[in-house]
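These figures come from a predicted structure and were not determined experimentally. All chains are named by letter (A, B, ...) in the order of the sequence lines, taking the proteins before the strands, and each is independently numbered beginning at 1.
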Amino acid sequence: MVRDYATFLWRLYRYSFLGSMKYYVWMSVLTILSLVGLYAYAEQAVSGLAITGMTDQVSWGVYIANFTFIVGLAAAAVMLVIPAYIYNNKHLHDVVILGELLAIAAIVMCLLFVNVDLGRPDRFWHLSPVIGVFNFPVSMLSWDVVVLIGYLVLNIHICGYLLYMRYLKRKPSPLFYMPFVFIAIFWAISIHTVTAFLYVGLVGRPFWNAAIVAPRFIGSAFTAGPGLMIVAFQIIRRYSNYKIDDEALHILRQIVTISLFVNLFLLGCEAFKEFYAESVHSRSARYLFFGLDGYTQLRPWIWFAITIEIIAGVLLIVPAFAKKMSYVNVACVLAFIGIWIEKGMGMIVPGFLPTPLGEIVEYFPTVPETLVCIGVWSFGLLMYSWMIHLAIPILNGELSIRSSLSEIKPGLPEAPVDWKQPRPA
Amino acid sequence: MSNSKKDLPSQSESRSLNEITYSPLTRRSFLKFGAAAATAYTGVSLALSPLKKFQEHISLDEFLQQHYERLTPEKMQKILARIEKEIARDYGVTPRVSDVKPMPGVEYAYALNIGKCIGCRRCVYACMKENNTSRDPQIQYIRVLQLPKGSQDVDKAENYYQPATVPEKDRYYMPVQCHQCKNAPCTKACPIRATWKEPDGIVVVDYNWCIGCRYCMAACPYWARRFNFSKPMLSKEDINTQMAYLGNRIRPRGVVEKCTFCLRRVRQGIQPACVEVCPTGSRVFGNLRDPNSPINYILNNKRVYIFKEEAGTIPRFYYCFDV
């Protein structure tokens with residue numbers, strides 16, 4: 001058994017380097033971008049966070065903005081898990097693992113974004129149990145660490161177990177994964193709720209200290225996440241031999257449509273509350289949407305985001321557009337970008353401004369800061385591409401325990417693939 | 001949207017894969033592996049090349065140092081000696097760093113007379129001198145707001161007022177610093193208990209435990225916390241060599257700091273620097289549990305209010321005015 005598993009891992013390693021020219025080019029580009037990010041991070045390690053655009057006034061910036069957005073992507077995997085496992089939807093059953101792998105890559109990106117934001121990354125171990133001191137359950141940040149790591153472990157277990165069983169050509173035992181699937185469903189909602197509570201729990205920041213933040217987070221997550229999946233799954237089926245039914249994409253499209261309108265509705269609720277009965281607590285919202293005291297940096301961004309979200313909504317709901325996949329794809333990309341702006345910088349920066357003492361200091365991400373973000377995104381995409389590259393032959397049954405007859409000898413290349421066509425002489 | 005064409009790998013694709021898979025270890029594949037490894041090595045070392053400029057010294061002892069509450073007195077002595085050495089090495093002074101403990105039966109409170117303050121900012125600079133805060137970039141614990149007559153709205157405050165003389169007509173001044181809250185949002189926020197309330201009511205930070213996540217800064221409704229985005233810069237002459245571990249020692253880079261009511265001074269019975277320097281006597285500090293203390297006199301006899309009462313933070317910092 002251990003031998004089988006070791007063989008499995010060895011084959012995954014071998015398989016990672018097998019691919020077409022396109023695969024190599026894609027992975028090389030992502031690796032180079034990740035290394036550029038690493039370079040910028042090394043610069044930050046030398047100079048400190050002074051290299052970023054953050055200040056005492058706006059003490060979180062684009063790192064935490066991306067973190068918040070990507071937690072949503074991770075949580076969105078649940079929108080495949082619920083129909084696939086609970087309602088036994090066959091179409092989504094084929095893609096559910098692809099969604100869970102996306103969640104794994106997303107959580108890794110989240111942890112990276114938190115890490116690059118720390119003033120003292122060398123002290124990260126202070127968060128660990130026993131040797132560190134963990135302010136649980138008082139601190140919402142400690143909750144966030146628990147739920148993110150828990151979600152990562154749950155998804156690694158579910159994906160790893162199902163893929164390994166598929167590799168062994170064995171029927172997975174529900175006992176080993178169904179309980180975790182159910183836990184993961186609640187857990188997915190919890191990661192994004194806890195991330196929202198991180199902000200909601202701050203009494204001195206009226207823009208965040210509002211009950212609507214958590215529902216909005218969920219609504220926007222279930223728009224951006226499945227939106228990304230629609231596009232990603234089409235790319236996957238184009239560049240691999242994995243079958244993904246159009247039906248699966250249509251279910252996802254419906255999820256994106258409903259969530260997008262829920263998100264826009266909640267945005268409207270927020271706008272009504274902030275501006276119909278405007279008080280001192282509406283200043284952050286005023287700064288965001290209209291500018292305050294001549295500071296208008298975020299205004300064009302937020303209106304751009306809302307505009308493209310509304311365009312996405314139109315494309316998704318007018319039947320003439322919604323039937324055509326090309327329009328749906330445009331809608332998904334627009335919704336994704338819109339939410340990235342709205343829930344990233346559009347959520348974090350105005351929370352800090354004006355400061356509790358009434359000051360406005362605008363925040364601009366610097367070049368190194370931006371490069372670090374590009375690096376983390378590239379690394380996440382690299383990781384996802386790599387996992388998909390390994391998962392697809394397993395799901396297809398091409399890479400399995402029976403596909404190779406020769407004994408695996410370290411150092412010697414082996415044949416992992418049982419192609420349906422005759423082997424060339 | 002049919003993808004039937006993609007069902008099976010094309011002939012050429014499958015052949016190339018098989019060729020790669022079955023090819024024995026040849027000279028060519030060995031060279032290819034070597035080239036790939038060399039490229040990877042070059043790429044990673046290029047990416048990490050800025051680390052050559054790394055200036056910070058993080059010793060193993062510092063890296064492994066435990067949380068303040070877990071330190072035995074002997075360990076603390078060693079740590080204090082190490083910190084003294086580090087400061088001597090980096091700043092060229094001979095500091096005396098001590099771990100001043102709270103006095104039993106003492107609970108501090110602070111009152112600021114809003115009617116007397118003239119906005120001269122002497123407190124701001126006395127505070128910097130006492131607390132060894134960075135001069136470049138400048139870190140100040142006290143922010144003096146200049147408010148227009150008729151408003152208590154901080155959004156109408158002028159933070160960077162620069163008239164030739166103060167006070168200005170139809171303006172009043174409201175200095176804000178850490179309120180040492182009894183229900184402190186910052187200590188609740190910290191994921192690793194690097195900041196906590198001491199028995200005498202002072203909210204402190206263990207600068208050697210803080211990971212620099214800055215969640216406490218987001219949590220503070222008084223904007224009282226500051227972050228060392230870079231290594232604090234102080235010239236030799238600026239440094240106050242009498243330092244406290246939880247108080248005014250020169251902070252490392254990447255950690256949060258804040259007003260500690262000058263704990264090094266007050267725990268030895270000296271008034272805080274801001275109180276001492278105030279030319280108008282606007283500032284009063286003392287022990288709440290001593291019925292005869294001036295702070296108790298003020299709280300009992302003047303008109304007193306707290307800032308941002310709606311936040312529910314229960315500050316130890318009061319604003320007062322004369323009857």
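When the heavy atoms of residues 134-147 of chain A are compared with those of chain B, the residues falling under 4.5 Å are A:Phe134, A:Asn135, A:Val138, A:Ser139, A:Met140, A:Leu141, A:Ser142, listed by number.
When heavy atoms are compared at a cutoff of 4.5 Å, B:Leu64 approaches chain A solely by way of its backbone atoms N, CA, C and O. When heavy atoms are compared at a cutoff of 4.5 Å, B:Leu51 approaches chain A by way of both its backbone and its side chain. Looking at B:Phe54, both its backbone and its side chain come within 4.5 Å of chain A, counting heavy atoms on both sides. Contacts between B:Leu145 and chain A at a heavy-atom distance below 4.5 Å involve the side chain alone, from C-beta outward. Only the backbone of B:Ala189 has a heavy atom closer than 4.5 Å to any heavy atom of chain A. Only the side chain of B:Lys308 has a heavy atom closer than 4.5 Å to any heavy atom of chain A. Contact of B:Arg143 with chain A is made through the side chain alone, with heavy-atom distances under 4.5 Å.
Ranking B:Met174, B:Lys188, B:Glu158 against chain A, the residue ahead of the rest is B:Lys188, based on heavy-atom pairs under 4.5 Å. Listed options B:Ser230, B:Pro185, B:Gly43, B:Cys190 were ranked by heavy-atom pairs under 4.5 angstrom with chain A; first place goes to B:Cys190. The candidate with the highest count of non-hydrogen atom pairs below 4.5 Å against chain A, out of B:Trp209, B:Tyr160, B:Phe227, B:Phe307, is B:Trp209. Each of B:Asn159, B:Thr187, B:Val256 has some count of heavy-atom pairs under 4.5 Å with chain A, and the biggest count is that of B:Asn159. Across A:Ile32, A:Leu118, A:Val133, A:Leu202, the residue that shares the most heavy-atom pairs under 4.5 angstrom with chain B is A:Val133. Heavy-atom pairs under 4.5 Å with chain A peak, among B:Ala47, B:Gly254, B:Pro221, at B:Ala47. Chosen from A:Val36, A:Asp122, A:Val46, the residue pairing most often with chain B at heavy-atom distances under 4.5 Å is A:Val46. By number of non-hydrogen pairs under 4.5 angstrom with chain A, the leading residue of B:Met217, B:Lys52, B:Arg225, B:Lys231 is B:Met217. Most heavy-atom pairs under 4.5 Å with chain B, from the set A:Val114, A:Leu198, A:Leu127: that is A:Leu198. Between chain B and the residues A:Gly204, A:Gly48, A:Ser34, A:Ala40, the largest count of heavy-atom pairs under 4.5 Å involves A:Gly48. Among A:Asp293, A:Asp117, A:Val58, the residue with the largest count of heavy-atom pairs under 4.5 Å with chain B is A:Asp117.
Using a cut-off of 4.0 Å between Lys/Arg side-chain N and Asp/Glu carboxylate O, B:Lys53 and A:Glu43 are scored as salt-bridged. Taking 4.0 Å as the cut-off between side-chain N and carboxylate O, B:Arg226 and B:Glu257 do not count as a salt-bridged pair. A salt bridge links A:Asp246 with A:Arg237: the closest approach of a Lys/Arg side-chain nitrogen to an acidic carboxylate oxygen falls below 4.0 angstrom. Taking a cutoff of 4.0 Å between a charged side-chain nitrogen and a carboxylate oxygen, A:Glu278 and A:Arg286 qualify as a salt bridge. A:Arg123 and B:Glu62 are joined by a salt bridge, as a carboxylate oxygen and a charged side-chain nitrogen come within less than 4.0 angstrom of each other.
The salt bridge (Lys or Arg N to Asp or Glu O under 4.0 Å) search around B:Lys156 returns B:Asp153, not counting sequence neighbours. Residues that satisfy the side-chain hydrogen bond (donor to acceptor under 3.5 Å, both in side chains) test with B:Arg82, not counting sequence neighbours, are B:Gln65, B:Glu86.
Pairs engaging residues 47-61 of chain A under the side chain to side chain donor-acceptor pair (under 3.5 Å) rule: A:Gln57-A:Glu359 [sequence neighbours left out].
In this structure, A:Phe17 has its ring center no closer than 6.0 Å to that of A:Tyr24. Aromatic rings of A:Tyr295 and A:Tyr287 (six-membered ring for Trp) have centroids beyond the 6.0 Å cut-off, not under it.
A ring pair (Phe, Tyr, Trp, His ring centres under 6.0 Å) with A:His389 holds for exactly one of A:Tyr23, A:Tyr242, A:Tyr239; it is A:Tyr23.
Under the 3.5 Å distance criterion, with hydrogens and angles disregarded, a donor-acceptor pair is assigned to the side chains of B:Tyr173 and B:Gln146. For A:His250 and A:Arg253, the side-chain atoms include at least one donor-acceptor pair closer than 3.5 Å. In the model, B:Asn208 has a side-chain atom that pairs as donor or acceptor with a side-chain atom of B:Arg249 under 3.5 Å.
Taking the six-membered ring where tryptophan is involved, the planes of A:Tyr199 and A:Trp208 are perpendicular, since the angle between them exceeds 60° and thus also 30°.
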